[in-house]
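Report on one structure; see the data block that follows.
Predicted model only: the values in this text are computed from it and were never measured. Values below: all heavy atoms of this structure, side chains included; hydrogens, waters and symmetry mates excluded.
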Amino acid sequence: MSHVSLLHPVKLFLVLVVFTCTTPLRSNTSLQAADAASQNTVKPNVIVIYTDDQGYGDVSALNPDAKFETPNLDRLANEGIAFTNAHSADSVCTPSRYGLLTGRYPWRTKMKRNVLGAEAECLIADGRVTIPSMLKEQGYDTAMVGKWHLGMDFPGVAGNRDWSQPTVNMPLDKGFDYYFGVPASLNYGVLAWFEGRYAKVPPTMLTSKKKNPRHVDYRIMPPYNPMPEPTDGKKSRVRGLEVAPDFIDNECLTRFTDKAIEWMSTKVESAKAGQPFFLYLPFTSPHYPVCPLPEFHGKGDAGAYGEFVIETDHHVGQILQFLADNELDENTLIVFTSDNGPEKSWTGRIEQFGHDSRGGFREGKRSVYEGGHRVPFMVRWPAGIKQPGRTWDNLVGQVDVIATLAEITGGNLPADAGEDSQSFASVLTDPNHDYSRLPLINHGNGGSNYRYSITEGDWKLILASTKHTTELYHLGSDPSESKDVVSTHPEEVERLTKRINQIITSGRTTPGPTQKNDSGYWDDLAWMTPEQFEELVNAQ
């Protein structure tokens, strides 16, 4: 097995050779993937581990200047492939999760900005193909353990709940056989350990954020307050976050890992007999509240945040150890990535510890610049990856995971599924394959930063908004986006503007019949008028 030393691309770009190739058509089958699959007696088990607000620079294999070590994440890179130019579907939480699970850009839904609360109509529409629903059709057992944050329908309203009734429009309705976790980020309330459709201990109390003595954020921990008795049943009577009396924020990672292993333990024999499993494991770290367990205090040189990432790495190691102990390691495909770039506390870590969670890229969470959505992305699959220890420096997106898994497992994506997903299975199975991604769209999502960008090859165009003008960057020579070259390359501005307009209005990125977005024109498409939008839609 070969190994390489990984350096982040901001430092490496001067010595990289940039390859160009013909853009391939989408396909659910390839000779490379079919050959890899034929060498295995069973389809691979699949685990997707999704961290929350972890920046590119928060993996020591990707950042030689990191102030802490992540040996288990480094192992995924060294024993698999590190994708150094990989992007979440958005720069905040809810839309990125939608893009990962569906292979469709989240702004194609009616939700154009921000994130959902814990209680909301699920962003994934009924009947939409997801990774778990696609894999279930291939005979997979499917489970989700961790943070959902795509909307759930709870019984009643805050202050007037009936927790004996089931939660609906949630993971069990979107392709998962089993669910254990929390509904959303911990600052949104309804904090309880849900298993299936029910909270194991109902969230019948209230709390507010408490000061975190070890970080700049907050804690969710007892003591909690009684819920006021309902009178008129109006939600407005409740002030605070609904919380179960047994909920404590720093138990999330341990409980999720333990439950994931508990569920996988029930699938060991069936997996060995040819019925594989899919586990989606979205951790709540290192999102606020930054609350590493005491046994991790003092580890690393980046304060509590570094300790929290080290704890996260530890739990990834427990998953790897379980696979090895149960002889499932060889034919289990693991995808590890993060939902967006680092939270704004990255600035303080640079000043105090010299640790750059962004990995040298520009800005962080919520930004349309690279630091907002270029994230760690490693794939490990001992039975399927040829020449492990490689890096892949060309463009990929989290929206591509569903098409990749469909190709590897022989799954089917109909025309109205995975519309923006292009398989990178050939990168795994053939180190010399001539693979190039179609243009990738990213989205700034917060403050005054509701902006769209399109990247094709080395060129990245950031479109104008009501508050910003158009910007153009050549990422091959300027990965930190320090030099706007919009005035000297008008031909690239014109070309990429046409490309993004076509991708938006046709309802898809990949070849296939035109699809509809869930809404018409929206105001953040400020570089074109509603009339231009409708003209393009009608011309498809």
Side-chain angles (χ1 to χ4, degrees), residues 1-9 12 44-52 54-86 145-146 253-254 256-258 260-261 264 279-283 285-286 292 295-296 299-302 306-338 355 357 359 375-393 396 398 401 404 424 427-429 431:
M1 182 178 297
S2 61
H3 298 273
V4 297
S5 174
L6 305 179
L7 297 176
H8 67 74
L12 200 61
N45 307 304
V46 178
I47 301 174
V48 175
I49 303 175
Y50 209 44
T51 53
D52 200 341
Q54 182 177 7
Y56 185 96
D58 290 332
V59 176
S60 54
L62 303 177
N63 180 7
D65 298 322
K67 298 303 181 182
F68 49 80
E69 297 294 324
T70 54
N72 295 296
L73 302 186
D74 295 357
R75 183 180 166 194
L76 296 178
N78 291 325
E79 297 179 2
I81 299 177
F83 291 79
T84 64
N85 193 2
V145 179
L253 302 187
T254 300
F256 296 161
T257 305
D258 289 350
I261 290 174
M264 288 191 294
L279 169 66
Y280 173 47
L281 180 56
F283 285 127
S285 58
E295 53 262 43
F296 295 95
K299 294 185 179 294
D301 296 308
E307 297 163 1
F308 208 24
V309 178
I310 291 168
E311 181 183 352
T312 306
D313 179 83
H314 165 77
H315 292 290
V316 173
Q318 289 182 296
I319 299 296
L320 291 172
Q321 189 62 53
F322 169 83
L323 297 174
D325 290 345
N326 290 277
E327 300 178 340
L328 297 174
D329 185 66
E330 188 72 11
N331 199 32
T332 296
L333 188 158
I334 299 175
V335 177
F336 176 92
T337 189
S338 170
H355 176 78
S357 288
V375 291
F377 192 104
M378 290 88 76
V379 180
R380 179 183 184 269
W381 179 24
I385 289 179
K386 299 299 186 292
Q387 294 184 16
R390 290 182 278 136
T391 60
W392 183 259
D393 304 315
V396 295
Q398 289 176 2
V401 172
T404 302
F424 57 80
V427 176
L428 307 181
T429 57

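Shortest non-hydrogen contact noted between G55 and P376 is O-CG, 3.4 Å. Of all heavy-atom pairs between S357 and D58, the closest is OG-OD1, 2.8 Å. Between P292 and E311, the shortest heavy-atom distance links the atoms CA-OE1, 3.2 Å. Among all heavy-atom pairs drawn from G57 and N63, the shortest one is O-ND2, 3.0 Å. Looking at every heavy atom in both residues, S338 comes nearest to V375 through O-CG2, 3.6 Å. In terms of heavy atoms, V335 sits closest to F377 at CG1-CZ, 4.0 Å.
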Original post:
What do the steps show when you test D74 against E69 for side-chain contact (heavy atoms from CB on, under 4.5 Å), and what is the final call?
Top reply: CA-CA 9 Å; D74 295 357; E69 297 294 324; 4.2 Å; yes
**OP:** Any chance you could lay out the side-chain contact (heavy atoms from CB on, under 4.5 Å) test for W392 and F424, step after step, and finish with the verdict?
**Re:** CA-CA 11 Å; W392 183 259; F424 57 80; over 6 Å; no
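When atom types are taken as modelled, the side chain of H355 and the backbone of K67 share a donor-acceptor pair closer than 3.5 angstrom. Without hydrogens or angle criteria, D313 side chain to N72 main chain gives a donor-acceptor distance under 3.5 Å. Listed for the T70 side chain is no donor-acceptor partner under 3.5 Å among the backbone atoms of V59. With hydrogens and angles disregarded, no donor-acceptor distance shorter than 3.5 Å links the side chain of T51 to the backbone of F283. At distances below 3.5 Å, not a single donor-acceptor pair connects side-chain atoms of R390 with backbone N or O atoms of I385.
Taking 4.5 Å as the limit, every side-chain heavy atom of L320 sits out of range of all side-chain heavy atoms of E79. At least one side-chain heavy atom of V316 sits less than 4.5 Å from a side-chain heavy atom of L76. By the 4.5 Å heavy-atom criterion applied to side chains, V396 and T404 are not counted as neighbours.
The ring pair (Phe, Tyr, Trp, His ring centres under 6.0 Å) check on F322 picks up nothing, with sequence neighbours excluded. Residues meeting the side-chain hydrogen bond (donor to acceptor under 3.5 Å, both in side chains) test with T332, sequence neighbours left out: N45. Scored by the ring pair (Phe, Tyr, Trp, His ring centres under 6.0 Å) test, Y50 finds no partners at all (sequence neighbours excluded). For D325, the side-chain hydrogen bond (donor to acceptor under 3.5 Å, both in side chains) criterion is met by Q321, not counting sequence neighbours. Residues that satisfy the ring pair (Phe, Tyr, Trp, His ring centres under 6.0 Å) test with F336, not counting sequence neighbours, are absent from this structure. Residues passing the salt bridge (charged side-chain N to carboxylate O under 4.0 Å, His left out) test with E327, sequence neighbours excluded: K272. Q318 meets the side-chain hydrogen bond (donor to acceptor under 3.5 Å, both in side chains) test with H315; sequence neighbours excluded. Residues passing the side-chain hydrogen bond (donor to acceptor under 3.5 Å, both in side chains) test with D52, sequence neighbours excluded: R97, K147. Not a single ring pair (Phe, Tyr, Trp, His ring centres under 6.0 Å) links F256 to another residue, sequence neighbours left out.
With 3.5 Å as the limit, one finds a donor-acceptor pair spanning the side chains of T337 and Q398.
Remark: I319 CD1 to H314 NE2 distance equals 10.5 Å, nearest 0.5 Å. From Y280, atom OH reaches atom CD1 of I47 across 14.0 Å, with rounding to the nearest 0.5 Å. If you take CG on L253 and OG1 on T312, they are separated by 5.0 Å, rounding to the nearest 0.5 Å. For the atom pair CD1 of I310 and CZ of F296, the computed distance is 8.5 Å after rounding to the nearest 0.5 Å. Note that CE of M264 and CG of L328 are 8.5 Å apart. Values are rounded to the nearest 0.5 Å. Going from atom OG1 of T391 over to atom CG of N85 covers 11.0 Å, rounded to the nearest 0.5 Å.
We find that D329 and R380 are joined by a salt bridge, their nearest charged nitrogen and carboxylate oxygen being less than 4.0 Å apart.
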